[in-house]
Amino acid sequence: MNVSIEKSSARGEISAPPSKSYAHRYIIGAALACGVSEIENVCLSEDIRATIDCARTLGAEIILDEASEKPQTIRVAGVGGKPKSGGEFFCRESGSTLRFFLPLALLGGGDIKNADKPAIFRGAPRLIERGVNVYEEAFKNSVRFEKRIADGNGEIGVCGKILPGTYALRGNVSSQFFTGLLFALPLLNGDSELKILPPAESAGYIVLTLETLKNFGVNVEKTAENAWFVAGNQRFLAGKFRGEGDYSNAAFLYALNALGGEIKIGGLNENSLQGDKVCAQLLKRLSESFTEADLSNCPDLAPVLFAVAAAKHGVRFFGTRRLKIKESDRAEAMREELGKFGASVKISENEAEITPPPGGLHEPEIPLSSHGDHRIAMAVSILCTLTGGTISGAEAVKKSYPDFFAALSYLGIKVRKTD
């Protein structure tokens with residue numbers, strides 16, 4: 001899908017979309033629980049649909065309005081801590097789904113040499129390429145991994161089971177691996193310890209997971225900096241939960257304000273534990289002058305921050321190394337797309353510097369590309385409100401914010417979609 005955006009200003013009031021991070025965690029907790037849970041304010045983005053599909057593979061029963069992209073309440077009948085073994089897990093393009101569910105699929109597995117019910121995780125080639133090497137290291141003695149990519153499809157097969165014990169995971173790859181283990185370890189028949197090897201990046205997402213576990217009645221005890229004790233034989237308790245508004249995607253709405261819009265954004269928790277709540281503070285700094293900022297703990301904000309920096313005063317970002325292993329190589333993708341507006345981006349191993357053009361951004365002469373990445377699509381769309389432009393592959397927004405372009409139209413931005 002191509003989307004053309006005319007130069008126009010955003011005005012009005014709008015609610016932030018529901019948090020994808022909370023929805024993933026609440027659905028998984030409810031799927032593992034004893035009893036039926038209700039989860040309010042869930043948006044069926046592609047990533048959340050993937051998590052729902054995988055929860056069903058574990059044996060959970062989930063009732064929802066499959067056709068709706070609007071926030072809704074879903075009901076989940078959990079498996080009582082005893083997920084099914086084996087099966088196919090369709091993760092689409094969701095790294096969270098893959099990394100959260102892989103340990104859960106191994107709870108009831110057999111011996112690594114004799115496992116007769118392998119779990120197969122299927123997804124887009126880019127997702128499988130990003131891999132699960134942290135788990136391969138952690139489970140090397142009890143789980144066998146087989147990765148295949150062919151004919152535009154990818155899959156990871158796993159055989160074996162995870163065991164109670166001490167797990168020390170690298171902290172500079174993704175916090176999603178810690179979340180996956182934090183959901184699985186309480187259901188083992190013995191106690192475990194989980195450690196993060198420094199540097200511990202995206203720590204805010206681990207805080208969200210710990211909060212979610214507490215809400216489901218699961219106890220995880222912090223024993224030291226970046227170390228936790230997880231007792232085995234615990235139970236997840238069903239309940240009623242409500243997802244917060246999402247700061248990660250609300251950042252694009254805040255960015256419209258940074259570029260001259262007048263939007264009132266509702267539905268956000270001012271006391272939220274979401275790490276991307278820092279978006280408002282960072283966008284303010286970018287609007288005031290050239291600045292420097294570390295993105296180690298908020299890498300998902302990088303595309304929108306790159307975009308606003310290019311339209312304002314420029315920036316030097318640190319902690320950009322992990323942008324290479326997202327849905328696209330996000331630093332390189334933004335370098336290419338911002339260049340079409342006339343901005344300059346210099347990238348090194350763990351830094352990026354954005355310099356606006358002397359006369360300001362101009363309308364791209366050729367179509368912009370989403371690079372198959374929802375956050376790239378939304379970031380360049382925001383800039384098009386200043387200059388006009390067309391984005392190819394704009395359907396990528398369905399991954400996290402399916403009604404993003406409808407939201408822009410609602411706010412007065414002139415948007416036109418074509419196949």
Side-chain angles (χ1 to χ4, degrees), residues 19-22 24-25 28-29 32 94-107 130-143 145 158 162-188 190-216 218-232 234 236 247-248 272-278 293-302 318-326 349-350:
S19 167
K20 188 160 64 85
S21 297
Y22 272 105
H24 281 304
R25 289 161 173 80
I28 293 171
L32 297 175
S94 177
S96 296
T97 304
L98 170 62
R99 292 162 179 171
F100 292 174
F101 276 89
L102 194 148
L104 299 175
L106 295 167
L107 286 172
R130 290 162 65 188
V132 291
N133 59 329
V134 173
Y135 284 149
E136 292 180 60
E137 295 171 8
F139 306 150
K140 61 184 178 182
N141 295 322
S142 62
V143 178
F145 292 79
V158 290
I162 60 172
L163 305 171
T166 298
Y167 293 91
L169 308 186
R170 290 181 286 133
N172 62 347
V173 180
S174 173
S175 64
Q176 294 166 351
F177 296 103
F178 301 97
T179 289
L181 272 173
L182 283 169
F183 274 112
L185 295 179
L187 297 175
L188 298 179
D191 302 338
S192 299
E193 185 176 17
L194 181 58
K195 299 179 180 180
I196 300 177
L197 302 177
E201 300 179 355
S202 295
Y205 288 103
I206 298 175
V207 173
L208 291 188
T209 302
L210 293 170
E211 178 195 38
T212 301
L213 291 172
K214 182 178 180 181
N215 290 339
F216 280 97
V218 174
N219 182 54
V220 176
E221 179 184 351
K222 187 171 185 176
T223 56
E225 187 67 23
N226 298 325
W228 294 267
F229 172 78
V230 186
Q234 297 194 61
F236 286 73
Y247 275 98
S248 299
S272 176
L273 297 176
Q274 296 178 56
D276 286 348
K277 186 175 71 171
V278 73
D294 188 345
L295 302 183
S296 298
N297 287 313
C298 55
D300 283 346
L301 295 180
F318 304 101
T320 59
R321 181 186 299 109
R322 287 189 297 142
L323 299 184
K324 292 181 179 180
I325 57 173
K326 295 294 184 176
E349 175 61 24
N350 201 33

Visitor: Could you check whether any side-chain N or O of Tyr135 sits under 3.5 Å from a backbone N or O of Arg99, counting only pairs where one atom can act as donor and the other as acceptor?
Guide: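 Yes; at least one donor-acceptor contact below 3.5 Å.
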
Visitor: Tell me, do Val230 and Leu182 make a side-chain contact under 4.5 Å, heavy atoms counted?
Guide: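 In contact.
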
Visitor: Say whether, by atom type as modelled, one donor and one acceptor occur between the side chain of Asn297 and the main chain of Glu201 under 3.5 angstrom.
Guide: no

Visitor: Could you report the tightest heavy-atom contact between Leu208 and Gln274, atom names first, then the distance?
Guide: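 Distance-wise, the nearest heavy atoms are CD2-N, 3.9 Å.
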
Visitor: Give me the atom names and distance for the closest heavy-atom approach of Ile162 to Ala184.
Guide: CD1-CB, 3.7 Å

Visitor: Give the minimum heavy-atom separation between Ala302 and Leu295, together with the two atoms involved.
Guide: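 Minimum heavy-atom separation between Ala302 and Leu295: CB-CD1, 3.8 Å.
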
Visitor: Evaluate the side-chain contact (heavy atoms from CB on, under 4.5 Å) criterion for residues Val132 and Phe145: first the C-alpha distance (whole Å), next the side-chain angles of each, then the deciding distance (0.1 Å), finally the verdict.
Guide: CA-CA 9 Å; Val132 291; Phe145 292 79; 4.0 Å; yes

Visitor: Give the intermediate values and the outcome of side-chain contact (heavy atoms from CB on, under 4.5 Å) for residues Phe139 and Leu163.
Guide: CA-CA 9 Å; Phe139 306 150; Leu163 305 171; over 6 Å; no

Visitor: Please step through side-chain contact (heavy atoms from CB on, under 4.5 Å) for the pair Leu107 and Leu188, ending with a clear verdict.
Guide: CA-CA 7 Å; Leu107 286 172; Leu188 298 179; 3.6 Å; yes

Visitor: Determine whether Phe216 and Arg25 make a side-chain contact, defined as any pair of heavy atoms from C-beta on separated by less than 4.5 Å.
Guide: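 When only atoms from C-beta onward are counted, Arg25 and Phe216 do not touch, as no gap falls below 4.5 Å.
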
Visitor: Determine the minimum heavy-atom distance between Pro299 and Leu323, stating which atoms define it.
Guide: O-CD2, 3.6 Å

Visitor: For Asp276 and Tyr205: C-alpha separation, side-chain torsions, deciding distance, then whether side-chain hydrogen bond (donor to acceptor under 3.5 Å, both in side chains) applies.
Guide: CA-CA 9 Å; Asp276 286 348; Tyr205 288 103; 3.1 Å; yes

Visitor: When you compare the side chains of Arg322 and Ser202, does any donor N or O come within less than 3.5 Å of an acceptor on the partner?
Guide: yes

Visitor: Stepwise, does the side-chain contact (heavy atoms from CB on, under 4.5 Å) test hold for Phe183 with Phe101?
Guide: CA-CA 9 Å; Phe183 274 112; Phe101 276 89; over 6 Å; no

Visitor: Do Ser192 side-chain atoms and Gly165 backbone N/O form a donor-acceptor pair below 3.5 Å?
Guide: yes

Visitor: Quick one: which of Ile196, Ile206, Leu197 gives a side-chain contact (heavy atoms from CB on, under 4.5 Å) with Asn226?
Guide: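 Option passing the side-chain contact (heavy atoms from CB on, under 4.5 Å) with Asn226: Ile196.
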
